[in-house]
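Worksheet: the structure to be examined is printed underneath.
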2 protein chains.
Amino acid sequence: MTTPTQGLHSHVLATLGLAITAGEYPPGTVLRTDELAQRFDVSRTVVREVVRVLESMHLVESRRRVGVTVLPTPSWNVYDPQVIRWRLAGADRPRQLRSLTVLRSAVEPVAAGLAAVNATPEQCRELTEQALGMVATSRGRRLEEYLVHDIAFHRVVLNASGNEMFARLGDVVAEVLTGRTHHHVMFEDPDPAAVTLHVQVAEAVRERDAARAEELTRQIAVGALQELDVLAP
Amino acid sequence: MTTPTQGLHSHVLATLGLAITAGEYPPGTVLRTDELAQRFDVSRTVVREVVRVLESMHLVESRRRVGVTVLPTPSWNVYDPQVIRWRLAGADRPRQLRSLTVLRSAVEPVAAGLAAVNATPEQCRELTEQALGMVATSRGRRLEEYLVHDIAFHRVVLNASGNEMFARLGDVVAEVLTGRTHHHVMFEDPDPAAVTLHVQVAEAVRERDAARAEELTRQIAVGALQELDVLAP
DNA sequence: CGGGAATTAAAAGTACTACTTTTACGTCAC
DNA sequence: GTGACGTAAAAGTAGTACTTTTAATTCCCG
């Protein structure tokens, strides 16, 4: 069952996008628009609009007299949040989680350093609040609540960096953290060391210590990568 | 005059996308499909497909009984290569170049470190070759040739990292480097220090010295940022 | 027998029209 | 003033007819 979307377009897009990113149609596979129209029981108009969107994501390529060809993975717009969501929902979720975590490990430390310089007082407050929330929910099987604070924390850091490219990764980080939490056996409480590091990052940002904020965030990232190595060998 | 594209769809998409990203339609502006159809002298079908694509880039939102609303900048899919190209071609190109350069400064050092671990012999060879090409073209007003090697160099590093998210930034880096070169007064030869650093990175990767590759690339990034500060105060 | 030019047909691209569905907004009753 | 109701405006959907591109086949000539 796919996500219950409203509107024919959304439905077809979700179904096709998911299928393609899941590798259900190997690269090179050709689809024909009216065949798809028949399969989904919608008009060719709808299919064409869907194909145009998939084309803009570089998942497929539409050529006259040939049809709609599925493109190889390296062409895909892997930064498109929609594509990320599809892939995280699909088969190679572990690989995807790893790629994204590596990306985080590169970006977040730099973002934290910038946040120490650019964060507004309000953002500093928010950051501290979320860190404290993490502490409060870090023990006693309260992983869901912890996750909310964790996501909020990282989102504030990325936004506070003042760089729009970083800010836009908030959703990606949210997906990664969610995926990680839900994928693990949900019994264990989060690593106490990580919790402490978050508190310290908030502190460093508040005190405008960019180097320290960056270094501490780097440690968080290292921890996340190691955790991934342990759980997905 | 916009880029000479083939096909009505491409043409309308390019024109509208460029106009929106250039801020020609402030957020909240409402467009109507048949008004657009009239303006571009195409059928509503074509306009609808364009709108769907713009919607997937989160540049606009289409609602019944309202029309097509231009969304605020923070919603935009700023990682979409198409959006990046439009924005680099438009008014806030300096701001955009800065954002992207900061992103590079975060990503490329980590990518270089990974490349030192994962690069194939072939990639090492290619890297050295491009670095030497940079050296060869670094003097005597040969900026265009230099640019080609520079782009190729960074692309190889990103690909060799083995991380698909990094690899996908190759196009972005290419745009940034191109934009930078063409935007500057094209008289001065590239910074000799930067050229040397590139050679050293190739060396470090070849010798599998991840830490050194990372650190050297970080220095390249710092240089790029400083250069930007000098030229766009 | 081979290669290149002409032909063909298959599929997407475009246009137009008619109809449906949603929903903002204004109206009217309470 | 507030809430139910009706209306119309705009997007959504469908279907059809036609155009354009181009892969693939055919056919002619060397």
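- Put simply, CG on Asp34(A) is 13 Å from P on dT16(D), counting in whole angstrom units.
- When Val157(B), Asn159(B), Leu114(B) are each tested for a side-chain contact (heavy atoms from CB on, under 4.5 Å) with Phe166(B), only one passes: Leu114(B).
- Taking a cutoff of 4.0 Å between a charged side-chain nitrogen and a carboxylate oxygen, Asp150(A) and Arg180(A) qualify as a salt bridge.
- The side chain of Thr33(B) sits closest to dA11(D) out of dA11(D), dT14(C), dG15(D).
- Minimum atom distance to the side chain of Val68(A) is reached by dA12(C), of the listed dA15(C), dA12(C), dA11(D).
- With hydrogens and angles ignored, a donor-acceptor pair closer than 3.5 Å exists between the side chain of Arg44(B) and the base of dG12(D).
- For Arg64(B), the side-chain atoms get nearest to dA11(D) when compared with the rest of dA23(D), dA15(C), dA11(D).
- For Leu8(A), the side-chain atoms get nearest to dA14(D) when compared with the rest of dC16(C), dA14(D), dA12(C).
- The side chain of Ser62(A) places an N or O atom within less than 4.0 Å of a non-bridging phosphate oxygen (OP1 or OP2) of dG13(C).
- Contact annotation for Val51(A): no contact, since no heavy-atom pair falls under 4.0 Å across all strands.
- Comparing atom distances between the Arg32(A) side chain and each of dA12(C), dT14(C), dA24(C) picks out dA12(C) as nearest.
- Residue Arg65(A) places a side-chain atom within donor-acceptor reach of the base of dA23(D), judged by atom type and a 3.5 Å distance cut-off alone.
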